[in-house]
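Accompanying notes for the structure given below.
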Protein chains: 2
Amino acid sequence: MKLDDAAAHLEALGNPTRLKIYRALIRAGRAGLPVGRLQDKLKIAPSTLSHHIKALLVVGLITQVREGTTLVCHANYGVMRELVGFLVAECCTESAETADAKTAA
Amino acid sequence: MKLDDAAAHLEALGNPTRLKIYRALIRAGRAGLPVGRLQDKLKIAPSTLSHHIKALLVVGLITQVREGTTLVCHANYGVMRELVGFLVAECCTESAETADAKTAA
DNA sequence: TCGATATTTCTAGTTTTATGGGAGGACAGT
DNA sequence: ACTGTCCTCCCATAAAACTAGAAATATCGA
């Protein structure tokens with residue numbers, strides 16, 4: 001994962017409302033959660049919720065599947081794993097000399 | 001770590017420039033990196049850099065220590081570990097019923 | 001004290017984000 | 001086709017972020 005992608009994902013999660021949405025979807029498991037159900041939990045305007053959901057969609061952190069009249073949202077575990085992988089590899093270890101810092105000095 | 005704190009940390013890292021700053025500090029290891037050195041690497045206006053550094057400081061992701069005329073920045077590994085811990089515990093596992101359903105511990 | 005270097009703070013302009021009201025589209029049931 | 005429900009899109013507004021020039025502050029050495 002590139003740094004800019006990681007930053008985009010972090011930014012998407014870096015909002016309390018969106019992080020709540022994401023966490024709710026994680027807790028919902030594979031079944032996911034309809035948008036309306038998210039609205040019950042978060043109690044914000046539908047348009048606002050939709051706006052935040054879109055922000056998570058465009059970076060791939062969540063997906064949407066229509067089931068009848070409702071749109072069910074699912075967390076995309078793979079993307080989160082990539083993100084955590086990036087943080088651990090590049091931003092957590094004290095010896096994070098990844099591939100280009102060796103020619104310094 | 002509370003959700004709002006996690007969101008604040010994610011937001012701080014959710015900017016390419018700040019993520020670059022943070023990664024540079026990680027790569028610098030315990031020795032840290034002076035602000036001026038960061039500016040050499042990032043090539044942005046001093047005031048802009050200072051602005052971003054402050055954003056990382058206020059959430060505790062980095063610290064600053066004066067050494068003579070220069071201010072040396074250090075990554076705060078502990079905070080990052082907490083953040084990654086939050087993500088893994090609450091936002092990564094498929095059985096993330098944590099903290100408000102089980103509380104076995 | 002004076003000057004040089006390093007960095008922050010002040011200030012301001014431009015852009016982006018957050019929020020939500022209302023209109024509109026998709027779908028199921030009748 | 002009509003209606004109700006669900007959700008998104010378009011629009012506007014207010015708030016916040018990003019950028020950086022200029023001035024101010026901190027420290028050291030002469």
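Just so it is clear, the values below take in all heavy atoms, side chains as well, and ignore hydrogens, waters and symmetry mates. Naming convention: chains lettered A, B, ... in sequence-line order (proteins, then strands); numbering from 1 in each chain.
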**Request:** Could you name each residue pair satisfying side chain to side chain donor-acceptor pair (under 3.5 Å) that touches residues 31-48 of chain A, not counting sequence neighbours?
**Result:**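 Listed by first then second residue: nothing to list.
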**Asked** Can you list every pair that meets side chain to side chain donor-acceptor pair (under 3.5 Å) and has a residue in residues 51-68 of chain A, with sequence neighbours left out?
**Response**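 Passing the test, one end in residues 51-68 of chain A: A:Arg18-A:His52.
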**Asked** Does OP1 or OP2 of C:dT9 have a side-chain N or O of B:Lys54 closer than 4.0 Å?
**Response**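 Indeed, a polar side-chain atom of B:Lys54 lies that close.
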**Asked** Counting only side-chain N and O atoms of A:Asn15, is one of them less than 4.0 Å from OP1 or OP2 of C:dT17?
**Response**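 Negative; the distance criterion is not met.
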In whole angstroms, how far is the [atom2] atom of [N] from the [atom1] atom of [X]?
X	N	atom1	atom2	answer
B:Gln39	C:dT5	CD	C1'	12 Å
A:Lys20	C:dT19	NZ	C1'	14 Å
B:Gln64	C:dT9	CD	C1'	13 Å
A:Leu42	C:dA18	CG	P	14 Å

**Request:** Kindly write out the residues that satisfy side-chain contact (heavy atoms from CB on, under 4.5 Å) with B:Ala7, not counting sequence neighbours, or none if the list is empty.
**Result:**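 Counting only residues at least two positions away or on another chain, B:Ala7 forms a side-chain contact (heavy atoms from CB on, under 4.5 Å) with A:Pro16, A:Leu19.
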**Message:** Going by the rule side-chain contact (heavy atoms from CB on, under 4.5 Å), which residues pair with B:Val79 if we only count those two or more places apart in sequence or in a different chain?
**Reply:**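 Listed in chain order: B:His9, B:Leu61, B:Asn76.
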**Request:** Identify whether any heavy atom of A:Arg37 sits under 4.0 Å from a base atom; if not, whether one sits that close to sugar-phosphate; answer base, sugar-phosphate or nothing.
**Result:**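 It contacts nothing in the nucleic acid.
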**Request:** Using a 4.0 Å heavy-atom cut-off across all strands, classify B:His51 as base, sugar-phosphate, or nothing.
**Result:**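 Base contact.
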**Request:** Using chain A heavy atoms and a threshold of under 4.0 Å, write down where along DNA chain D the contacts begin and end, 5' to 3'.
**Result:**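 Going 5' to 3' along DNA chain D, contacts run D:dC6 to D:dC9.
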Polar-atom pairs under 3.5 Å, protein N or O versus N or O of nucleotides 21-28 of chain C: list them with distances, or write none.
from, atom 1, to, atom 2, distance (Å)
C:dG21, N7, A:Ser47, OG, 3.1
C:dG21, O6, A:Ser47, OG, 3.2

**Whichever of A:Ala55 and B:Leu49 has its nearest DNA chain C nucleotide further upstream toward 5'** =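 Nearest nucleotide further toward 5': that of B:Leu49.
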**Prompt:** Closest heavy-atom contact between A:Val72 and A:Ala31?
**Reply:**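 Looking at all heavy atoms of both residues, the closest pair is CG1-O, 3.6 Å.
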